[in-house]
Amino acid sequence: MRSFGQISPHSEMEMLLKIGSMYQIVPVAPGEQQMAGGAGGSPLKKKLAHEGRPLVMAGMLGCALVLAAVVAWCYYSASLRKAQLLKTESLDLDKDGFIIRNQAGAVIFNMTFRSGTLDLDSCSKEGSILSCTQSDSGKLNFFIQTVRPKDTVMCYRVRWEELQNKRLVEHAMAYNDSHWYGGAETATQYWPIRIQGEEDPRPFITSDVYSDRNAFGGILERYWLSSNATAIKINDSVPFHLGWSEKDRTLRFEARYQDSPFRPPEGQQALPELSYRVCVGSDVTSIHKYMVRRYFPKPIKVPSTEVFKHPVWSTWALHKTSVTQEKLLRYASDITKHGFTCSHLELDDRYTADYGEFDFDPQKFPNATGMFDKLREDGFRVSLWTHPFINYDSINFGVAVEKGLFVREPSGELPALVRWWNGIGGILDFTNPEAREWYSSHLRMLKARYDVTSFKFDAGETSYLPHQFSTLVPLSDPSTFTRRYTEMAIPFNERAELRVGYQSQNISCFFRIIDRDSVWGYELGLKSIIPTVLTISILGYQFVLPDMIGGNAYPNRTTGGLDGKNGLPDRELYIRWLELSAFLPAMQFSIPPWAYDNEVVQIAQKFTEFHETLVAPRVLELAGEVLDTGDPIIRPLWWIANDDEAAYKIDSQFLIGDDLMVAPVLEPGKQERDIYLPAGRWRSYKGEHFDKGPIYLTDYPVDLDEVAFFTWVH
């Protein structure tokens with residue numbers, strides 16, 4: 001027997017009309033009707049009247065059934081129309097959320113409305129736009145617009161704007177058994193993203209994850225990408241907060257102004273709006289390429305080829321703040337003596353007398369001009385460390401107060417004091433043209449006076465802004481401060497270095513991942529480097545500086561091994577770190593190889609030369625393509641194997657372009673590792689050929705002075 005749901009509206013109507021016609025309705029003449037109702041009717045007439053009652057009842061029942069059929073048919077037709085109304089292309093909308101299906105009909109994206117439900121009776125459809133005007137909490141402006149920008153891509157613009165409720169809007173995106181990438185640099189970095197624990201939504205803004213290990217990092221974008229070939233980009237106008245639930249396997253996207261550093265644009269009410277676009281493609285690589293070309297700014301030029309070819313040598317991990325003129329000259333001399341090349345020396349913290357000054361401390365650098373002359377004669381360029389703070393004990397603090405150059409208290413009357421890792425002071429307001437020019441003019445002066453080649457721009461995260469603050473140009477989104485700070489690097493971008501980025505992909509300089517600890521693991525250790533580089537590459541930052549080889553050797557955050565007694569990172573850790581860095585876009589030393597022994601020096605010489613001759617030419621070729629495409633230089637394995645489930649989970653191998661695959665050793669005490677080769681023909685660095693892939697090479701031998709790498713054979 002077929003169920004009701006299988007009967008078409010027309011056949012259902014016909015069937016019920018037939019049921020009605022089975023009952024005969026006997027007509028009665030008017031006179032008879034009157035007589036039948038009279039008090040003195042004959043027994044025969046009474047009998048006829050008595051027998052006619054069932055027929056009348058049957059007739060009434062038949063009419064009722066016909067009427068019910070008509071109502072049911074109308075309701076069913078309206079339901080069908082509503083169901084059609086709430087579909088748009090491959091998207092199905094319900095009061096509680098929406099799903100998107102792929103061409104095979106499988107659900108590949110699922111968004112739940114957590115903060116309210118739609119009143120579906122308020123919904124209508126016009127062309128490609130499906131809109132609703134009411135939710136369970138009042139009036140709203142909700143729409144989903146379907147856009148097909150190309151044959152292989154379908155996009156859905158989604159907007160939920162409250163018109164009465166001032167609290168918040170929250171949607172929860174399900175993981176759908178797929179792997180997700182993107183979002184932000186984090187202290188403990190995994191690839192793909194791992195949802196751990198329950199986290200209520202918090203402001204998605206740039207923070208220093210070295211000091212706050214649970215925060216979002218200094219490089220972030222509102223963009224996520226899934227192995228299901230879906231991508232989501234949250235709009236810039238949203239007061240965006242991000243949370244997650246391991247139990248529900250969801251990312252929680254929230255818009256709110258209450259208890260938040262976000263502010264509504266001037267003159268607008270604080271009514272939250274959550275808007276984003278979801279795009280679906282044929283595979284993960286092609287949808288990412290589409291999103292990057294469509295939504296991310298691109299660099300306008302490739303930075304200095306010298307930095308790609310030759311290592312940067314920094315004073316920081318070696319000397320920390322105790323660096324002096326004598327130590328810098330000795331460092332340069334040792335680099336030359338041990339036969340290493342150098343793109344430039346980086347003179348880090350602390351060369352000034354106080355923080356916020358722009359000249360050399362005469363106690364530590366008694367003849368800065370002579371020092372620069374000597375370094376220039378010996379073939380060294382020098383870059384200097386800089387930051388956005390002026391400490392209260394600096395001679396420039398009073399100048400900045402008088403000129404109104406600082407970020408201020410909410411009232412706008414007084415400069416706001418902030419605490420950073422080197423003390424207490426003011427932070428320059430980079431929305432203020434006068435502050436920008438004052439800061440830039442001092443950098444230009446240093447460059448002109450000493451022939452400084454460029455600057456290392458440190459800090460810039462919003463976590464160094466006061467909790468409550470005001471700027472000359474009001475900031476709806478606090479991370480716009482980060483963007484304004486990165487713009488200060490533009491005049492020096494040939495060799496400039498930043499550690500923050502928000503909508504800053506077009507700054508065209510090197511972006512350094514945050515300081516690493518000298519440890520093996522995923523929390524700011526060696527294992528975190530590949531996931532972090534892959535993540536910021538997916539966010540559009542391709543000119544990556546992977547921080548100092550061996551980490552920063554901070555006390556209590558260093559795996560010492562036999563070398564711990566002299567403050568050095570573990571020797572094996574240092575060597576494996578060096579080998580990985582040789583295959584990344586740029587290399588940066590601080591603790592020098594000769595701090596260990598001659599074997600380490602020889603391994604370092606081998607890999608710096610290898611980087612220069614094999615890696616840098618390929619990286620520079622890809623860097624040129626970034627200007628047009630935004631495609632990563634350092635790529636995940638799924639870039640060339642997007643129908644391969646295993647490739648989505650590998651976080652210890654990567655590609656340079658499409659044809660050079662690298663598998664460094666990242667575990668202590670190992671001289672072998674498992675390696676995954678995607679489908680295709682590969683030739684190992686030892687000359688072996690593998691052409692049956694995809695295959696696992698288990699316990700593949702890799703000596704202490706080796707990195708396993710494989711070239712795609714065309």
Side-chain angles (χ1 to χ4, degrees), residues 182-191 193 202-223 240-242 261 296-297 299 314 316 346 348-349 385-389 407 418-422 427-428 430 455-466 475 477-490 493 496-517 522-525 528-529 531-548 551-552 554 584-586 588:
E185 178 185 23
T186 52
T188 304
Q189 197 94 46
Y190 295 113
W191 178 274
I193 295 168
R202 48 191 166 89
F204 192 69
I205 54 178
T206 59
S207 302
D208 178 354
V209 289
Y210 195 84
S211 59
D212 180 357
R213 306 233 163 166
N214 295 314
F216 304 116
I219 297 175
L220 56 70
E221 299 293 335
R222 303 167 167 204
Y223 172 71
F240 182 51
H241 299 66
L242 177 68
F296 288 177
S314 167
W316 175 247
E346 196 168 77
D348 210 298
D349 184 11
W385 177 72
T386 185
H387 54 83
F389 308 103
V407 172
V418 298
R419 183 182 295 279
W420 64 297
W421 66 90
N422 277 327
I427 185 166
L428 291 168
F430 293 105
F455 296 92
K456 170 185 175 173
F457 291 85
D458 216 350
E461 297 91 348
T462 61
S463 53
Y464 289 110
L465 291 170
L475 298 177
D477 177 353
S479 293
T480 305
F481 181 86
T482 294
R483 163 71 202 184
R484 295 288 164 265
Y485 180 58
T486 64
E487 290 165 357
M488 305 312 297
I490 292 174
N493 60 10
E497 172 189 322
L498 285 160
R499 79 174 201 190
V500 291
Y502 177 65
Q503 301 173 359
S504 308
Q505 296 93 336
N506 59 348
I507 300 296
S508 309
C509 71
F510 287 91
F511 287 85
R512 176 177 67 86
I513 64 177
I514 196 71
D515 302 26
R516 301 288 116 174
D517 288 330
Y522 282 104
E523 185 182 319
L524 295 178
S528 71
I529 292 177
T532 305
V533 171
L534 288 173
T535 297
I536 68 172
S537 296
I538 286 295
L539 300 179
Y541 297 89
Q542 312 308 349
F543 308 139
V544 182
L545 195 59
D547 201 43
M548 295 163 205
N552 285 265
Y554 293 126
L584 294 172
Q588 187 175 32

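These numbers were taken from a predicted model, which means no experiment stands behind them.
Shortest non-hydrogen contact noted between S207 and A215 is CB-CB, 3.6 Å. Between G217 and A184, the shortest heavy-atom contact is N-CB, 4.2 Å. When all heavy atoms are compared, the tightest approach of F204 to L220 is CE2-CD1, 3.9 Å. The shortest non-hydrogen separation linking L498 to C509 is CD1-SG, 3.4 Å. Nearest heavy-atom pair, A489 versus I507, reported as atom, atom and distance to 0.1 Å: CB-CG2, 4.4 Å.
Between F389 and W420, the distance separating the two ring centers is shorter than 6.0 angstrom. Annotation: F543 is not in aromatic contact with F511 [ring centroid separation under 6.0 Å not met]. Proximity of the aromatic rings of F481 and Y502 is defined here by a centroid distance below 6.0 angstrom, and this criterion is not met. Aromatic rings from Y464 and W421 are positioned such that their centres are separated by under 6.0 Å.
Here the straight-line distance linking atom CG of L475 with atom CZ of R484 works out to 8.0 Å at 0.5 Å rounding. In this structure, M548 CE and Q588 CD are separated by 4.5 Å, a value rounded to the nearest 0.5 Å. Note that CG of D458 is 6.5 Å distant from CG of D348, once rounded to the nearest 0.5 Å.
Distance alone, capped at 3.5 Å, places no donor-acceptor pair between the T186 side chain and the F216 backbone. Under the 3.5 Å distance criterion, the side-chain polar atoms of R512 are left unmatched by any main-chain donor or acceptor of E497. Within the 3.5 Å criterion, the main-chain N or O of L539 finds a donor-acceptor partner in the side chain of Q505. Within the 3.5 Å criterion, the main-chain N or O of W316 finds a donor-acceptor partner in the side chain of S314. Although no hydrogens or angles enter the test, the distance criterion places a donor-acceptor pair under 3.5 Å between the side chain of N552 and the main chain of R516. The main-chain N or O of I514 is found under 3.5 Å from a side-chain atom of E185 such that the two form a donor-acceptor pair.
You'll find the side chain of V407 reaches within 4.5 Å of the side chain of L465, heavy atoms only. Annotation: side chain of D349 is in contact with side chain of N422 (closest heavy-atom distance under 4.5 Å). Two residues are said to be in side-chain contact when any heavy atoms from C-beta on lie closer than 4.5 Å; V418 and P466 meet this criterion. Considering only heavy atoms from C-beta on, L242 stays 4.5 Å or farther from R202 through its side chain. F457 places a side-chain heavy atom less than 4.5 Å from the side chain of M488. In this structure, D208 and R499 have side chains that are in contact, with non-hydrogen atoms separated by less than 4.5 Å. Residues E221 and Y541 meet the side-chain proximity criterion, which asks for heavy atoms closer than 4.5 Å. Using a 4.5 Å heavy-atom threshold, the side chains of I205 and P261 count as touching.
Side-chain polar atoms of T206 and T482 form a donor-acceptor pair below 3.5 angstrom.
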>> What verdict does the side-chain contact (heavy atoms from CB on, under 4.5 Å) test give for W385 and F455, after you've listed the backbone C-alpha separation in whole Å, the side-chain angles of each residue and the deciding distance to 0.1 Å?
In response: CA-CA 6 Å; W385 177 72; F455 296 92; over 6 Å; no
> Where do I529 and L584 land on the side-chain contact (heavy atoms from CB on, under 4.5 Å) test, with the steps shown first?
Replying inline: CA-CA 10 Å; I529 292 177; L584 294 172; 3.9 Å; yes
> For T535 and Q189, what are the C-alpha separation, side-chain angles and deciding distance, and is it a side-chain contact (heavy atoms from CB on, under 4.5 Å)?
Replying inline: CA-CA 9 Å; T535 297; Q189 197 94 46; 3.6 Å; yes
>> With side-chain contact (heavy atoms from CB on, under 4.5 Å) as the criterion, how do Y190 and S528 come out once you've worked through the C-alpha distance, each side chain's angles and the decisive distance to 0.1 Å?
In response: CA-CA 7 Å; Y190 295 113; S528 71; over 6 Å; no
>> Walk me through whether D517 and R213 qualify under salt bridge (Lys or Arg N to Asp or Glu O under 4.0 Å).
In response: CA-CA 12 Å; D517 288 330; R213 306 233 163 166; 3.0 Å; yes
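Between Y485 and F430, the ring-plane angle classifies as tilted under the 30° and 60° cut-offs.
Between R222 and D477 there is a salt bridge, since at least one side-chain N of the basic residue sits less than 4.0 Å from a carboxylate O of the acidic one.
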